[in-house]
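Chain naming here is simple, since letters A, B, ... match the order of the sequence lines and numbering starts at 1 in each. As a basis for the values below, the full set of heavy atoms in this structure was taken, side chains included, without hydrogen atoms, waters or symmetry mates.
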Amino acid sequence: MAERSGAALREALAAKTLGFSSADQTEVVVAGSDTALTRFTHEACNQNVAANDLLVSVRTVIDGRTGVASTNQLDDRSLRDVVERSIALARVATSDPLVPKMASDAAPAAPAHAFDAATAGADAGRRGEMAGAIFREAEAAGYWSAGFVATSHKGITVTNSSGALASFDGTDAGVNVKMTAPDSSGFAEAYASGVGELDAASLGRAAVAKARTSAAPSDIDTGAWTVILEPPAFGELLAYLSDHFSALNFEEGSSFCSGGLDRTYFSDRVTIRDDYTHPLAPGMPFDFEGQPKQRVALVESGVVRNVVTDSYYAKKLGRANTGHALPAPNSEGPQPQNLVVDAGQKPVDQLIAETKRGLLVTRLWYTRTVDRKRAIVTGMTRDGTLLIEDGKIVRGVHNLRFNQSILEVLRRCEFSSELRRTASYSYALVCPYAKVEGFNFSSTTAF
Amino acid sequence: MGCETLEFEDLAARALDTSAACGASYSDIRFEIAQAERIEVRNGIVTALADTTSTGYGIRALVDGSWGFSASAELTNAGVDAAAARAVAIARAGAAIARRKFGMAPPLAHAGSYATPMLRDPASVPLGTKVAHLLEAEKLLHVTPEIAVGRAWIDLWCTHKFFFSSTGARIDQKIHQSGSGMEAMAIGAADVQTRTYPGDVGLYQSGGWEIIEEARLAQEAPRIAGEAAALLRAPQCPSGTFDIVLGGSQVSLQIHESCGHPAELDRVMGWEANFSGTSFLEIASLGKLKYGSDLVTIVVDNTLDRGMATCAFDDEGTKSSASDIVRNGLLTGYEMSNDTARLLGRESNACVRAQGWDFAPMIRMCNLSLSPGNVPFEHLFDDVRDGVYMESNRSWSIDDHRLNFQFGCEVGWEVKNGKRGRMLKNPTYAGVTPAFWNSCDAIGDERSWFAWGTPNCGKGEPIQTGRTTQAAAPARFRGVTVGVGYDG
């Protein structure tokens with residue numbers, strides 16, 4: 001991919017496209033991607049895929065009217081056409097006096113370790129070796145595995161008619177594995193910028209161990225429980241709170257903190273930041289308007305301090321631009337993209353040892369919002385739900401459905417000293433294990 | 001066929017030859033030209049006016065029972081050579097570690113073409129008309145100051161697909177899908193209530209501009225907004241065991257989550273285990289499991305008029321057809337691909353789709369219908385002494401075997417002694433899939449049966465968005481747990 005969409009080529013394309021525009025203001029985003037994923041089940045690959053693309057998106061503003069067009073054909077005729085389409089759309093849009101002048105602040109340097117050449121060049125053979133290591137763990141245990149090994153290289157260049165120019169190249173690698181035993185299952189995952197940081201065999205063993213420990217699951221009572229949420233589970237809940245920190249939701253009144261900032265909403269143990277520089281999850285240092293991404297203190301010791309903005313909402317609310325614009329057109333408003341929850345004081349083993357009776361929850365599934373304002377969500381546990389008694393993990397239990405306010409979770413929590421990166425298709429974040437009192441389970445299922 | 005076909009035909013031949021030369025026993029290539037138009041209005045301002053074109057191809061190669069897939073947008077000989085070689089290398093890498101062989105070449109190679117029937121091509125509608133259509137409707141949502149946010153949107157998709165295989169398939173299809181909707185968000189001191197129309201995501205079908213006009217956004221806007229505001233003052237839906245009647249779009253969602261997904265054969269076989277999950281169904285369940293009451297018949301029909309997934313051939317070149325999933329309550333079939341069907345000793349029923357040229361095809365739900373019953377909608381309430389009628393989904397959650405579910409709707413109404421009464425807010429209900437469907441004792445007739453489209457079904461890794469249809473009428477279910485999530 002490097003030849004087709006390295007920063008130099010992207011910047012040349014962006015500059016050429018910009019030069020074709022006669023609009024009052026023009027922004028060009030050139031996004032390249034080379035992504036690959038080896039998916040497996042029952043110790044064979046059921047999907048083994050790779051795709052590369054280079055997309056040119058043009059946003060034009062004419063008298064406060066905005067149009068967006070994009071293409072992945074890179075010849076001059078196609079680039080002229082995408083500019084003209086964008087302008088034609090802008091001419092028909094409504095004029096919005098709040099559309100700001102495109103800014104040109106310089107973007108900071110990319111965080112260390114955001115790009116790993118070995119990951120960018122990883123091929124199917126490399127991913128296959130990692131998957132094969134997982135197969136061997138499954139076979140040794142007499143279980144079957146399902147999951148994936150993924151590697152990707154993505155590059156972005158943003159430029160505009162005000163003079164902004166920013167480029168970033170980043171890599172990601174991930175291993176996700178579920179081990180299925182006769183009457184139980186276990187899960188493990190790991191993500192990093194570099195594929196060399198991931199030990200697939202070790203993850204396979206961890207998933208095997210979880211499946212083994214949760215074998216012969218028993219029924220369990222519903223109701224309020226003390227739970228220890230592993231990072232994949234806790235991260236899933238945080239993801240459902242994330243958009244409450246958007247200036248759009250704050251301003252319209254649908255966020256839990258729409259009543260005001262600089263107020264205590266959570267336990268003083270809770271500090272949440274949006275930080276693209278975190279070593280576990282280094283990210284892009286600018287947003288999709290090319291503006292520098294700030295490291296934002298969203299919650300400090302339980303006090304909600306900030307929401308994230310883009311240029312539009314910064315102007316609308318009279319706040320600083322935190323650099324959290326998403327790709328245009330964007331109706332969702334600015335969004336946090338690099339959530340980090342600060343760690344606690346005790347290792348997770350100590351949190352477990354201090355639990356008289358509780359449940360260790362590996363992972364959540366099909367979490368959905370039940371009540372927006374109160375941030376009540378429902379979902380299921382899966383792939384390793386374990387009973388803790390007198391500080392020890394004693395056995396597996398059948399999975400449970402929860403109905404729980406995330407706001408209440410963050411009022412009754414204690415965090416581990418370990419931090420992990422967790423991810424799903426719509427988010428990636430860094431968080432600790434979370435011990436929560438009074439977590440509400442409403443029903444169970446048969447497995 | 002147009003000039004694109006001729007150009008693609010040459011590139012296809014090149015790709016398939018290269019793939020064979022690299023060692024593939026079978027390969028296919030799918031070119032797509034995908035155009036998407038999105039218009040969105042929020043509080044009187046056009047917040048999205050976008051036009052996207054994406055062109056590329058994806059090559060599948062089969063080596064020793066393992067598939068490899070490689071996609072690229074480089075429409076050159078060098079581009080297809082590289083992509084074909086990469087697809088074969090990926091297949092070979094998978095074959096090297098595989099303990100099983102999943103991949104099989106499709107048995108038949110079809111030639112043909114198809115275009116979605118339309119009354120009016122959206123491309124012929126002036127852009128200003130489209131924008132004005134939404135601005136007019138959204139303006140009518142602001143019936144009271146409590147409506148803090150009004151939104152209205154249009155999606156127009158045109159995908160031209162060209163499929164070629166090493167066994168001689170040659171298929172040209174142009175698919176048009178259109179949708180629109182609106183939402184009124186009422187915000188109170190400590191509450192947020194929304195009403196969405198039509199249904200819960202809008203009205204999405206295959207077809208042209210007529211789909212947008214049939215949604216009647218402007219005509220329905222004041223009613224929808226009034227309901228959103230009224231919900232702020234409505235009593236909380238009670239908790240307990242009730243008989244429920246579900247509106248058509250909610251039955252559509254119920255089918256989607258608790259019938260369509262568990263009946264995907266790849267899910268049954270564990271191919272989605274780590275992500276979307278497996279299924280409580282097993283191969284041995286066929287012909288034996290009582291999925292629902294005798295009234296329940298569910299059909300997959302990829303020729304359905306206005307179905308979002310309607311086409312002549314699926315994305316691995318299998319001809320579209322109709323087949324049963326559930327007949328009079330008994331499980332009789334699955335949604336299948338060529339690979340999975342032949343493991344079962346059956347033929348594929350053409351349920352394979354890919355989100356775009358850059359995604360590998362996989363089993364998707366496509367068009368799934370709950371056959372209509374014989375009860376006029378208004379008579380579904382006749383025999384309900386103490387129940388709840390619910391409309392428009394708001395939340396949906398089900399376990400990873402598709403058994404334990406909990407759904408929430410935007411609005412409910414009390415039903416007492418056969419009559420709809422006061423409005424209720426935050427209605428939710430929960431159940432276990434086969435028990436729930438076996439409690440179905442009345443289904444609306446053909447007059448209330450409608451092809452509801454779901455434009456945003458997620459499955460697969462990398463995740464793919466599928467556009468599906470679940471056609472349904474309103475239906476009645478007995479003895480359901482209602483009010484979960486709010487009973488504390």
Side-chain angles (χ1 to χ4, degrees), chain A residues 35 37 39 41-53 66-73 85 89 92-94 96 124-125 128 131-132 135 146-148 176 178 180 252-254 329 331 365-366 368-373 376 378-380 382 399 401 403 425 440 442-443 445-447, chain B residues 38 40 42 45-56 66-73 86 89-91 93-94 96-100 102 127-128 131 148-149 187 190-192 270-271 273-274 358 360 395-401 403-404 406 408 426 428 430 461-463 484-485 488:
Chain A
T35 59
L37 186 145
R39 193 177 197 201
T41 186
H42 289 90
E43 291 66 70
C45 297
N46 57 316
Q47 276 190 291
N48 209 347
V49 303
N52 65 66
D53 198 12
T66 304
V68 180
S70 63
T71 183
N72 68 341
Q73 297 304 298
R85 281 192 283 127
L89 291 165
V92 180
T94 50
D96 185 350
F135 295 175
F148 67 77
N176 171 306
K178 168 174 172 156
T180 302
E252 77 182 7
S254 64
S331 308
W365 169 243
Y366 231 136
R368 290 292 184 277
T369 300
V370 175
D371 188 301
R372 166 77 190 166
K373 192 74 172 179
I376 298 174
T378 187
M380 298 294 300
R382 69 181 286 192
N399 288 299
R401 170 167 296 285
N403 276 276
Y425 61 86
N440 182 50
S442 52
S443 61
T445 191
F447 57 92
Chain B
R38 168 85 177 180
E40 185 166 342
R42 185 176 190 273
I45 301 286
V46 175
T47 51
L49 190 52
D51 177 339
T52 303
T53 303
S54 178
T55 303
S66 279
W67 287 110
F69 177 84
S70 172
S72 170
R86 194 180 193 187
I90 289 171
I97 60 168
R99 278 40 165 184
R100 285 170 185 78
F102 287 139
L127 193 53
V131 172
V149 179
I187 297 184
D191 196 9
V192 174
W271 294 18
N274 68 305
D358 45 345
S395 73
W396 63 107
S397 176
I398 192 165
D399 72 33
D400 63 293
H401 289 202
L403 280 169
N404 175 313
Q406 178 179 313
N426 307 326
T428 61
E461 287 170 325
I463 190 161
V484 185

Contacting region of B:A190 [heavy-atom separation from chain A under 4.5 Å]: backbone
Between A:D96 and B:R42, is there a side-chain N and carboxylate O pair less than 4.0 Å apart? no
Using modelled atom types and a 3.5 Å cut-off, is there a donor and acceptor pairing between side-chain atoms of B:T428 and backbone atoms of B:V484? yes
For A:N403, is it the side chain, the backbone, both, or neither that has a heavy atom closer than 4.5 Å to a heavy atom of chain B? side chain
Would you check if A:Q73 and B:T55 make a side-chain contact, meaning some heavy-atom pair closer than 4.5 Å? yes
Among A:T369, A:T71, A:N46, A:T66, which residue forms the greatest number of heavy-atom pairs with chain B at distances under 4.5 Å? A:N46
Please determine whether a side-chain nitrogen of the Lys or Arg among A:K373 and B:D191 lies less than 4.0 Å from a carboxylate oxygen of the Asp or Glu. no
Who wins among A:N176, A:T35, A:I376 for the most heavy-atom pairs under 4.5 Å with chain B? A:N176
Heaviest contributor of heavy-atom pairs below 4.5 Å to chain B, chosen from A:G147, A:C45, A:S70, is A:S70
Whatever's closer than 4.5 Å to a heavy atom in chain A on B:I45 counts as both
Looking at A:K178, A:E43, A:R368, A:M380, which has the largest count of heavy-atom pairs under 4.5 Å with chain B? A:R368
Using every non-hydrogen atom in the two residues, find where B:L403 and B:I398 come nearest and quote the distance to one decimal. N-CG1, 4.1 Å
Can you tell me which portion of B:D399 sits under 4.5 Å from chain A's heavy atoms? Options are side chain, backbone, both or neither. both
Picking from B:T47, B:V131, B:V149, B:I463, which has the most non-hydrogen pairs under 4.5 angstrom with chain A? B:I463
So for A:Q47, is it side chain, backbone, both, or neither that comes closer than 4.5 Å to the heavy atoms of chain B? side chain
Tell me, out of B:G270, B:S70, B:G94, who's got the most heavy-atom pairs with chain A below 4.5 Å. B:G270
With heavy-atom distances below 4.5 Å as the criterion, would you say the side chains of A:Y366 and A:T378 are in contact? no
Looking at B:V46, B:V192, B:I97, B:D51, which has the largest count of heavy-atom pairs under 4.5 Å with chain A? B:D51
Taking every heavy-atom pair that is under 4.5 Å apart, which of A:N399, A:T180, A:D371 has the most such pairs with chain B? A:D371
